[in-house]
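Quick caveat: nothing in here was measured; it's all calculated off a predicted structure.
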Amino acid sequence: MAFPEGFLQELKMRNSLTDIAASYINLKRRGRNMVGLCPFHGEKTPSFNIYTENDSFYCFGCGAGGDVISFIMRIENLDYVEAVKFLAQRAGMEMPENSYDDSMARLRKRIYEANREAARFYYKTLYLPVGKEGLDYFHGRMLSDRTIRHFGLGFADDEWTSLTTHLKSLGFSEHELIAANLAVQRKSGNGVYDRFSNRVMFPIIDLRGNVIAFGGRIMTDQKPKYLNTSDTPVFKKSENLFSLNNAKNSGSRTLMLCEGYMDVIAVNQAGFSNAVATLGTALTSEQAMLMKRYADEVIICYDADEAGQKATSRAIPILRNAGLPVRVLTVPNGKDPDEFIKSKGADGPAAFKALIDKSGNDIEYRLQKLRGEHNTDTSDGRVSFLEAAARLIATIPSPIEQDVYAAKLCKEFGVDKNAFMAQMKKLNKRRSREEYRKQQQKISTELSGRGEKLDKDRAKALRSSSAEEALVGYLIRNPDSEKYISSEIKPEQFQNSLMRRFYTYFLDRIRDGKDPLNNTSADFTSEESDKIYQIVQKHASIAQTKKSLDEYIKVILEESAKPKPADIANMGEDELNEYLKKVRESKT
């Protein structure tokens, strides 16, 4: 069952979307609405809109939309019930009893509890005789017991059932352990075994202090070297960062992005608590957006080897697209941050601080990389380097920053600055044409419905789908038109199955005297909810009159009256000729 309508209305009234969103992003007023950079995807120009008239949001960049509940669900990675509880607690409201299905919330709660107990078990095991190999490994990496305790590091022995036996003794079911990815179902289907075995363990903790997952490093040469928790109801690798729970309290608005767990821990032990790492995957745009919430700048501290340099090159544009200035720390002699700090002994922290202080921005780093790829002692090498440098500098959005780098390079190589700037202007024109072509292609794809993943019927029945979508938008924004619309159009006359479902849903809510959009976060998936708010905002900008409504109805009736391909195939000769005659007459 859903929450009572009155409870949800009061919840939203006491939790203004504008106030909630402003605690995560910077908002500016634009007319009656508020705008800002979207917290759900990287962008440089604000496309995230809050509509104060109905306290909803929609991003024209990524298509995310909804109300204050769906906003909290997305930004805090909560399910529907948890988001409602979050907002109720914020507003000092009591949750209604026994009026909603909280089965998923209860499962997530059990997974959190199982992970917490697993972390305790692994930590205790580390200091038992069976964990000696793991403790020796951490001590060999120069970690103090204080650091081990701070990060909750542990050890999974090689018995394969130690953890599952322990957790089952605490009352956790096999279903819960499998859902948490702490256990794996045996192929026989009879029983479970531990997911992690003979590994030192790194708990992954979210921003609210919950243990959400684990990473484990094998003690042998077996592969994979590192094994991470798979995605679960409380964890997505692509949307979390190791040690962000520590970094957000460091007092710094600069984050250091390291390559792995041990680098983060070593840097932290050296006194730099603002370090984070990805979780066994390359940096994602979601992780970059998460960093943007807690940082004004990111220093990439990846390993100096070839893999680390490639990862740096991939990470720079992702961070830049999230609106984060980037610096790159280069560790000398091919060392990683952990090795470098240890190699300096007691002077390690100071030496690492010196590396941070002299780290250059990403443009300087990429120019230096280009220098290494071209022999600038030759004329051909200088030309190829300067052409590559022009392509790089042309991507800088700031004209002033472009001018600074262009002037510096032209002076160094004795090149006429006007010629260099002309080359950049040529490149910018070419890029603008390419971006325009891509934009036109995107618009064409959207209009044709070919790129629609959720609304799969749209491309097959474009005319009727467009009218049906417009009708749904009109109904949501004008609920008092329900009687007239429902008297003219029946759900079965819709050609598009998604629009038919939306139409039926909103008709039922309006007939029951309920706000059309009050419960969409509970009744639809996030993708479906996004589509609903896309429809609402798309048609809010169109002057919707009784005349336009009647036009939508006319199109739907015309399209629904057309025979289906199967009907045409079963027509007799006379019937088919009559149909073809009507088609020809309609075109004249």
Side-chain angles (χ1 to χ4, degrees), residues 1-27 29 32-34 36 39-40 48-59 64-113 116 205-210 212 233-234 239 245 248 290 293 476 479 505-506 508-526 528-530 532-533 536:
M1 288 178 64
F3 290 100
E5 290 287 316
F7 169 79
L8 288 177
Q9 288 174 344
E10 183 180 358
L11 181 82
K12 294 178 183 181
M13 183 180 67
R14 293 170 65 171
N15 286 283
S16 161
L17 176 57
T18 299
D19 292 343
I20 295 286
S23 66
Y24 295 94
I25 58 174
N26 292 322
L27 294 171
R29 182 165 294 282
R32 290 184 300 171
N33 302 327
M34 307 296 291
F40 307 123
F48 180 85
N49 290 260
I50 292 179
Y51 301 92
T52 55
E53 64 178 53
N54 59 9
D55 222 28
S56 67
F57 72 90
Y58 184 72
C59 175
D67 57 13
V68 68
I69 298 174
S70 48
F71 180 87
I72 287 297
M73 288 172 67
R74 285 176 186 271
I75 207 159
E76 291 289 346
N77 189 29
L78 300 175
D79 69 19
Y80 175 71
V81 174
E82 289 172 328
V84 171
K85 287 181 178 179
F86 179 99
L87 293 170
Q89 184 176 13
R90 180 183 182 275
M93 294 173 62
E94 292 290 331
M95 290 287 287
E97 295 183 8
N98 303 320
S99 62
Y100 54 91
D101 179 8
D102 64 347
S103 55
M104 179 53 70
R106 282 187 279 112
L107 176 60
R108 285 167 60 98
K109 182 172 182 289
R110 291 294 284 171
I111 291 174
Y112 286 134
E113 292 170 348
R116 183 183 65 234
I205 300 171
D206 71 10
L207 295 169
R208 295 184 297 278
N210 298 308
I212 56 174
V234 305
E239 297 177 2
N245 59 306
K248 74 180 180 69
L290 182 60
R293 285 165 53 187
I476 294 171
Y505 173 83
F506 290 115
D508 289 343
R509 284 192 64 82
I510 293 167
R511 285 168 179 164
D512 291 340
K514 298 174 181 176
D515 183 298
L517 296 170
N518 201 33
N519 211 42
T520 53
S521 300
D523 295 336
F524 294 98
T525 66
S526 61
E528 291 167 343
S529 182
D530 289 345
I532 289 168
Y533 280 89
V536 171

One pair to check against side chain to side chain contact (heavy atoms under 4.5 Å, CB included): Leu517 and Ile476. What are the steps and the verdict? CA-CA 8 Å; Leu517 296 170; Ile476 294 171; 3.9 Å; yes
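Using a 30° and 60° split on the angle between ring planes, Phe71 and Phe40 fall in the perpendicular class, above 60°.
Using a 4.5 Å cut-off on side-chain heavy atoms (C-beta onward), Glu113 and Asn210 make no contact. By the 4.5 Å heavy-atom criterion applied to side chains, Met95 and Phe7 are counted as neighbours.
The side chain to side chain contact (heavy atoms under 4.5 Å, CB included) search around Thr525 returns Glu527, Glu528, not counting sequence neighbours. Every side chain to side chain contact (heavy atoms under 4.5 Å, CB included) that Ser526 has, sequence neighbours left out, goes to Arg74. By the salt bridge (charged side-chain N to carboxylate O under 4.0 Å, His left out) test, Glu239 pairs with no residue at all, sequence neighbours left out. Qualifying salt bridge (charged side-chain N to carboxylate O under 4.0 Å, His left out) partners for Lys248, counting only residues two or more places apart in sequence or in other chains: none. Ser56 pairs by the side chain to side chain contact (heavy atoms under 4.5 Å, CB included) definition with Tyr51, Asn54, Tyr533, Gln537, not counting sequence neighbours. With sequence neighbours excluded, the residues forming a side chain to side chain contact (heavy atoms under 4.5 Å, CB included) with Arg14 are Glu10, Ala91, Met93, listed by chain and number.
Side-chain atoms of Asp67 and Ser70 form a donor-acceptor pair, as typed in the model, at a separation below 3.5 Å. Inspection of the Gln9 and Asp515 side chains reveals no N or O donor paired with an N or O acceptor under 3.5 Å.
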